[in-house]
Amino acid sequence: MRYLALATDYDGTLAHHGEVDRQTIEALRRLAATGRKLLLVTGRQVDDLGRVFPEVSLFDRVVAENGAVIYRPQPQELRLLAAPPPAAFVDALKKRGVDPLAVGHVVVATVQPNERVALEVVREFGLELEIIFNKGSVMILPSSVNKATGLAAALDELRFSAHNVVGIGDAENDHALLEMSECGVAVANALDSLKNHADLVTTGRASDGVREVIESLIAEDLRSAEPKLKRRRIALGHAGDEPITISAYGPSVLVAGQSGGGKSSIVRGFLERLSEQRYQFCVVDPEGDYENLPIAVTLGTAERAPSIDEAISMLNEPYQSVAINLVGLAVRERPAFFEALLPRLQESRARTGRPHWLIIDEAHHVLPKSWGPVELTVPETLDSTMLITVHPDDLAASVRDRVDVVVAIGSANDVLRAFGQSSEIETAAGEAVLWSKKDGRPRKIRTLPGQLEQRRPPADQAAIERRNTAPA
């Protein structure tokens, strides 16, 4: 699954006039039954929320006071993410006639137009506080505290990535929530400014819109929203002035062509752009080409084979990417290692949605056409997977059948022949031919190389050669 958590605002989103109807509560139960996590992200205080919403225990985490507090309903534990303002500040607001005035663990709340007086008092005390609006409500909070920072803290507790979250809201203070979420949704009754900011706008208002999203999550993991998630697409290059991008989730990509033609540069650029957006990736690296990649931790050396348990442990950190160096294994041992690794990665993806991308360099080493277990090991779809090889003919046919997009370096005709295609397009350095099953039309693109320099440290090449050529 792509989306393993739903993060929803309360007032005006989950709740109508402060109450959540029975239909919506049942929809939340059905969503939780799929194994997904539920997070409530609200400006309300925890005590107030408990009074109006007895079913709050349905949620795995509650981010309250607009990001300043995390509440765990089941053990009823509260954690403050910021310090409360000084009592003298609250007293000064009262003396200035600010009414109503609600004081939480961290937040101080009132209504418009009291923000003018509040700002004056903040300045007088020289405090690092900011004022956040929510449809007429005014919240005074420590600087840099908002729904996104609170959600990030809650996801950190759950070991989840924001790239596996759907966020839903309706008001000004939900901008940060939607921006952080992989798919940001505004309900139909949301402010226009939020609708313009959202990836998706529901047809239903408030709880009707939330149920609309829940039903889509249960039925199809919100796949129908994919064409609208343009801000999450990953760049591959340009065709003239047109940016060429692919979805951050779903496609399988093959980068193939002659040795030294620029495959590694294209892949490094792709990895850098994944890293910039904080997607987690796992590189299976048979020849040590990514040993010093600064945006990932390298496991394995020429002297020591990598451990699968170590790799999975590293990938449990939501924003830690990993390069698994197989140079310490003989060529004949690499398919078996990959056969053991792939189910563990699939289990991790089912449980956490990560790694978001699997990169298999020199893919013919671990998925050769002569290797029998391929059919049993490789899933029916290679979601979010990039394969790199010199000759796609050396890959198992069933693996080639799962490829959605091909980036051909050098002689595109030699590469595309493996897919029953042909192309006479000529390319120069820094160019490639792009072909996808979806449109079936090869086209020339200007690729986007990586910017981070890679240096492979000296290795015992003689030892590596002996290991690679040893008889089976």
Side-chain angles (χ1 to χ4, degrees), residues 1 4 35 159 161 252-255 267 271 274 279-291 293 296-318 320-389 392 394-403 459 463-464 466-472:
M1 291 188 294
L4 287 97
R159 312 313 265 173
S161 163
S252 56
V253 181
L254 175 73
V255 180
V267 175
L271 295 180
L274 286 177
Y279 285 102
Q280 185 188 71
F281 60 82
C282 175
V283 180
V284 179
D285 181 15
E287 295 191 342
D289 290 332
Y290 300 86
E291 190 167 11
L293 188 65
V297 170
T298 300
L299 303 177
T301 66
E303 293 74 31
R304 183 181 68 84
S307 159
I308 292 176
D309 286 341
E310 185 182 16
I312 297 301
S313 177
M314 283 285 184
L315 292 169
N316 282 334
E317 297 297 323
Q320 179 63 69
S321 294
V322 171
I324 304 176
N325 184 348
L326 304 186
V327 172
L329 295 170
V331 170
R332 68 181 185 278
E333 298 172 325
R334 294 169 188 173
F337 179 91
F338 187 73
E339 181 185 7
L341 172 67
L342 189 56
R344 297 286 300 278
L345 293 176
Q346 290 175 265
E347 186 278 330
S348 177
R349 279 182 159 182
R351 178 172 47 86
T352 70
R354 306 186 313 272
H356 299 116
W357 275 83
L358 174 60
I359 312 298
I360 308 174
D361 195 33
E362 304 296 340
H364 55 279
H365 281 239
V366 295
L367 294 168
K369 60 183 178 182
S370 59
W371 187 50
V374 168
E375 291 286 355
L376 300 176
T377 302
V378 178
E380 290 186 8
T381 59
L382 287 172
D383 288 339
S384 305
T385 299
M386 178 173 281
L387 307 164
I388 303 98
T389 186
D394 293 337
L395 285 173
S398 59
V399 172
R400 292 200 306 271
D401 291 343
R402 291 161 169 80
V403 170
I464 295 172
R466 287 194 299 271
R467 196 159 37 243
N468 290 347
T469 58

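The analysis underlying the following values was restricted to heavy atoms, covering all of them including side chains, and did not include hydrogens, waters or symmetry mates.
- Applying the salt bridge (Lys or Arg N to Asp or Glu O under 4.0 Å) definition to pairs two or more places apart or across chains, those involving residues 350-368 are E347-R351.
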**Request:** Go through the steps for R400 and K369 under the test side chain to side chain contact (heavy atoms under 4.5 Å, CB included), then give the verdict.
**Result:** CA-CA 10 Å; R400 292 200 306 271; K369 60 183 178 182; 5.6 Å; no
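- By the ring pair (Phe, Tyr, Trp, His ring centres under 6.0 Å) test, H364 is found to be paired with no residue, residues two or more places apart in sequence or in another chain being considered.
- With sequence neighbours left out, the side-chain contact (heavy atoms from CB on, under 4.5 Å) criterion links S313 to no other residue.
- Residue A350 comes nearest to L4 through the heavy atom pair O-CD2, 3.6 Å, listed as atom of the first residue, atom of the second, then distance.
- With sequence neighbours excluded, the residues forming a side-chain hydrogen bond (donor to acceptor under 3.5 Å, both in side chains) with S252 are D404, listed by chain and number.
- Nearest heavy atom pair, residue R334 against residue V366, reads O-CG1, 3.9 Å.
- Applying the ring pair (Phe, Tyr, Trp, His ring centres under 6.0 Å) test to Y279 and every residue at least two apart in sequence or in another chain returns H163, H356.
- Between S321 and Q280 the shortest heavy-atom distance is OG-CA, 3.6 Å.
- The side-chain contact (heavy atoms from CB on, under 4.5 Å) test applied to T385 returns R349, L358, I360, L382, L387, not counting sequence neighbours.
- Annotation: side chain of P306 is in contact with side chain of F337 (closest heavy-atom distance under 4.5 Å).
- Between the side chain of T389 and the backbone N or O of P392, no donor-acceptor pair lies under 3.5 Å.
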**Item:** Audit row: L293, D285, side chain to side chain contact (heavy atoms under 4.5 Å, CB included) steps and yes/no
**Value:** CA-CA 11 Å; L293 188 65; D285 181 15; over 6 Å; no
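- When every heavy atom of S348 is checked against every heavy atom of P355, the shortest pair comes out as OG-CD, 4.3 Å.
- Inter-residue side-chain proximity for T352 and R159 is flagged as unmet; no heavy-atom pair is nearer than 4.5 Å.
- For E310, there are no side-chain hydrogen bond (donor to acceptor under 3.5 Å, both in side chains) partners two or more places apart in sequence or in a different chain.
- In this structure, the side-chain hydrogen bond (donor to acceptor under 3.5 Å, both in side chains) partners of R344, at least two apart in sequence or on a different chain, are D309.
- Residues forming a side-chain hydrogen bond (donor to acceptor under 3.5 Å, both in side chains) with Q320 (at least two apart in sequence, or on another chain): none.
- Listed by chain and number, the residues in a side-chain contact (heavy atoms from CB on, under 4.5 Å) with A311 are L299, I324 (sequence neighbours excluded).
- Not counting sequence neighbours, the partners of N325 by the side-chain contact (heavy atoms from CB on, under 4.5 Å) test are E291, T298, V327.
- Summarising the geometry of L315 relative to F281, their closest heavy-atom pair is CD2-O, 4.2 Å, with the distance given to 0.1 Å.
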